[in-house]
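Order of the sequence lines sets the chain letters (A, B, ...), proteins ahead of strands, with each chain counted from 1. Side-chain atoms are counted along with the backbone in the values below, which use heavy atoms only and exclude waters and symmetry mates.
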2 protein chains.
Amino acid sequence: MKLSEAEWQIMNALWKKYPATAREIIGQMETDNGWAYTTVKTMLTRLAAKGVVGEEKRGNTSWYMPLVDQSSARKSALETVFDRVLDGTVAPLMNFLIEERKLSRKEREELIRMLRESERKGKKT
Amino acid sequence: MKLSEAEWQIMNALWKKYPATAREIIGQMETDNGWAYTTVKTMLTRLAAKGVVGEEKRGNTSWYMPLVDQSSARKSALETVFDRVLDGTVAPLMNFLIEERKLSRKEREELIRMLRESERKGKKT
DNA sequence: GACATCTTTCTACAGATGTAGTATATTTTC
DNA sequence: GAAAATATACTACATCTGTAGAAAGATGTC
């Protein structure tokens, strides 16, 4: 299931707390892009049409909830980026992790640990 | 500069060898998506309009070349994915690198080395 | 119960994208 | 130099995206 950039933002807000109303979702988004209420509703409707969010009515108001797993969704998005953008090369990813200072010390250590672990297990040469 | 998925494929082919003609670019693309010649031309024209590729005519034929740096382009695409899709979390990236077996032993070792290095330098706690 | 306030549902619309066909200009090949 | 093969420039068109307004229905508030 392919999501657009704006849709990812909605999904990310929704994954943080659900079920949620459109209004709540707007509040939940850190990056306040100043979307009109109906803009968010439109996107929710589209997401529901795609089957990635569920919509449930209580009284007059719709409550939304994700129907897809966050990490699988992210994984497949990464998969696509990896193939299309990075052309299957890992170097840019490693550089990104390391040089763009996205890693805290803790994360760095965790990553090293994971790498050692996977090395030990001899996964894929 | 924002590129679409199809445009990334063209760019990746072009970065591999340039200057190149439309015909050559088609040949250069590993994933043969069966695009019509004119489809590729259309995309090249659009890319030129965006200013990311240069077009130079020799005789009747246009030769194209990238005008943007591959790694900067990739970096900024990753930046966007990181913000919009991953919502600023690194965990999915680490998992992707490790669990999706994208790393060869060599790459894994290289990555560990890079991590140690960056640790030593104490970049961003 | 009339008015203000939300919500929902529909409709809209411009620009981006994927995908190419056509007509025309050029070059190559006998 | 006429026919065949190429390349270019234009045009086209359905979808997807971002963005929302308007109309109509439901609720809250005195």
Side-chain angles (χ1 to χ4, degrees), chain A residues 1-14 18-29 31-65 68 73 76-77 80-81 83-85, chain B residues 1-14 18-29 31-65 68 73 76-77 80-81 83-85:
Chain A
M1 201 44 54
K2 193 122 248 309
L3 302 181
S4 76
E5 249 179 66
E7 288 172 337
W8 274 106
Q9 288 183 260
I10 299 283
M11 290 308 288
N12 278 323
L14 193 51
Y18 60 85
T21 63
R23 197 63 69 184
E24 288 177 328
I25 291 170
I26 291 176
Q28 200 75 195
M29 293 189 301
T31 326
D32 183 3
N33 14 28
W35 278 330
Y37 178 82
T38 50
T39 297
V40 173
K41 280 291 284 182
T42 298
M43 294 196 287
L44 283 166
T45 303
R46 287 179 184 170
L47 286 165
K50 287 187 184 182
V52 294
V53 312
E55 180 170 3
E56 189 185 324
K57 275 210 150 159
R58 290 188 207 150
N60 171 43
T61 306
S62 287
W63 291 75
Y64 299 91
M65 70 218 69
V68 297
S76 73
T80 301
V81 168
D83 293 346
R84 293 287 136 74
V85 174
Chain B
M1 200 44 55
K2 195 119 244 311
L3 301 182
S4 77
E5 249 178 66
E7 288 172 337
W8 273 105
Q9 289 182 260
I10 299 282
M11 290 308 288
N12 278 322
L14 193 51
Y18 61 85
T21 63
R23 195 64 68 185
E24 287 177 329
I25 290 170
I26 290 176
Q28 200 74 197
M29 293 189 300
T31 325
D32 182 3
N33 14 28
W35 279 330
Y37 178 82
T38 50
T39 298
V40 173
K41 279 291 283 184
T42 299
M43 294 197 288
L44 283 166
T45 303
R46 287 179 185 170
L47 286 165
K50 288 187 183 184
V52 293
V53 313
E55 181 172 1
E56 189 184 325
K57 273 209 152 159
R58 290 189 208 151
N60 172 41
T61 306
S62 287
W63 291 76
Y64 299 91
M65 70 218 68
V68 297
S76 73
T80 301
V81 169
D83 292 346
R84 292 288 135 75
V85 174

Solution key, residues 34-44 of chain B side-chain donor-acceptor pairs under 3.5 Å, sequence neighbours excluded:
| unit_1 | atom_1 | unit_2 | atom_2 | d |
| --- | --- | --- | --- | --- |
| B:K41 | NZ | B:Y64 | OH | 2.7 |
| B:T42 | OG1 | B:T38 | O | 2.8 |

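Phosphate contact (OP1/OP2 of D:dT6, side-chain N/O of B:R23, threshold under 4.0 Å): absent. Distances shown here put a side-chain N or O of A:S62 below 4.0 Å from the OP1 or OP2 atom of C:dT8. In this structure, B:Y37 does not reach the C:dT19 phosphate: none of its side-chain N or O atoms is under 4.0 Å from OP1 or OP2. Look at B:K41 and you won't find any side-chain N or O under 4.0 angstrom from OP1 or OP2 of C:dG21.
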What string of B, S and - do you get for nucleotides 15-23 of chain D, 5' to 3', when a contact is any protein heavy atom under 4.0 Å? --BBBBBB-
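Rounded to whole Å, atom P of D:dT27 lies 14 Å from atom CZ of A:R58. Between the C1' atom of C:dT7 and the CH2 atom of A:W63 lies a distance of 13 Å, rounded to the nearest Å. In this structure, B:L47 atom CG and C:dT17 atom P are separated by 10 Å, rounded to whole Å. Atom CD1 in A:I26 sits roughly 12 Å away from atom C1' in C:dT7 (whole-Å rounding). Taking atom OH on B:Y64 and atom P on D:dT8, their separation rounds to 5 Å, with Å as the unit. D:dA7 atom P lies 14 Å from atom CD of B:E55, rounded to whole Å.
Distance check: B:R84 CZ to A:L3 CG gives 14.0 Å after rounding to the nearest 0.5 Å. Note: B:M1 CE to B:K50 NZ = 7.5 Å, rounded to the nearest 0.5 Å. The OG atom of B:S4 lies 11.5 Å from the CE atom of B:M11; values are rounded to the nearest 0.5 Å. Taken from CD1 in A:I25 to CG in A:N12, the straight-line distance is 11.5 Å, to the nearest 0.5 Å.
Between its two ends, the helix from C:dG1-D:dC30 to C:dC30-D:dG1 turns its axis by 10°, counting five pairs per end and rounding to 10 degrees.
Looking at B:E5 and A:T80, their side chains come closer than 4.5 Å, going by heavy atoms from C-beta outward.
Here A:S62 pairs with A:E55 under the side-chain hydrogen bond (donor to acceptor under 3.5 Å, both in side chains) rule; sequence neighbours left out. In this view, A:E24 satisfies the side-chain hydrogen bond (donor to acceptor under 3.5 Å, both in side chains) rule with no residue, not counting sequence neighbours.
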Kindly give the atom pairs (protein nitrogen or oxygen, nucleotide nitrogen or oxygen) under 3.5 Å for nucleotides 27-30 of chain C.
none

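The two residues B:W8 and B:A77 have their closest heavy-atom pair at CZ2-CB, 3.6 Å. The two residues A:K2 and A:E7 make their nearest non-hydrogen contact at O-OE1, 4.1 Å. The shortest heavy-atom contact between A:Q28 and A:A13 is CG-O, 3.6 Å.
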